[in-house]
Every structure is written in C-alpha cells, then in structure tokens.
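First the structure, in the form of structure tokens, and then the observations on it.
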Amino acid sequence: MIPVFGLLSAVLTAVGGYSLYWYHSLSESDRAKADQIALQYAQRLYSCGLDELTSDQLRRVHDLVKKHF
C-alpha cells in the first residue's frame with residue numbers, strides 16, 4: 001500500500017521550500033510589493049488577512065502573486 005500521508009507531506013514540504021526560495025530571491029522592494037499584492041488578494045478573495053488563510057487558500061494567493069513577477 002502507498003503511504004499517502006508520507007507522500008503528501010513530502011510534496012507539501014517541497015512546495016513550501018520552493019515558495020520560500022522564490023520569495024527570498026526577490027529584491028527588497030519586490031518583496032514589499034509581493035506582500036502588499038498578497039494581502040490585497042487575500043482580502044478580495046477571502047475577506048480576511050493572510051494569517052487567517054488555509055493552506056489551499058495561501059497556495060492560491062501565492063500563485064496569483066507569482067504571476068505579477
């Protein structure tokens with residue numbers, strides 16, 4: 001049987017690691033702009049702040065912000 005939980009954990013860890021790498025590769029001004037854009041998407045799509053989003057919602061916001069860069 002396939003260890004679904006372990007496999008899912010590994011995939012989510014890899015996605016999270018890539019997201020951190022992408023974010024830290026931006027310049028300081030681009031990071032500030034990305035933070036502002038992410039907050040705007042969170043408020044517009046989910047009517048809440050970034051700290052209140054689920055992991056799926058955060059992934060969606062991250063994908064939208066990456067399209068700007």
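- The structure places CG of L39 at 5.5 Å from CG of L50, a figure rounded to the nearest 0.5 Å.
- Separating the OG atom in S25 from the CZ atom in F69 is a distance of 10.5 Å, to the nearest 0.5 Å.
- How far CG of D35 is from CZ of R31: 9.0 Å, rounded to the nearest 0.5 Å.
- Under the 3.5 Å distance criterion, with hydrogens and angles disregarded, no donor-acceptor pair is assigned to the side chains of Y23 and D30.
- Judged purely by atom type and a 3.5 angstrom limit, Q57 uses its side chain to pair as donor or acceptor with the backbone of T54.
- I37 contributes atom CD1, which lies 10.0 Å from atom CZ of R44 (distance to the nearest 0.5 angstrom).
- The pair D56-R59 counts as a salt bridge, with a side-chain nitrogen and a carboxylate oxygen less than 4.0 angstrom apart.
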E52 vs Y46, test: side chain to side chain contact (heavy atoms under 4.5 Å, CB included). Steps then yes/no. CA-CA 9 Å; E52 301 170 13; Y46 305 111; over 6 Å; no
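- A pairwise comparison of heavy atoms in A38 and V61 identifies O-CG1, 3.7 Å as the closest pair.
- Closest heavy-atom contact between A42 and G49: CB-C, 4.3 Å.
- Side chains of Y41 and H68: a donor-acceptor N/O pair is present below 3.5 angstrom, by distance only.
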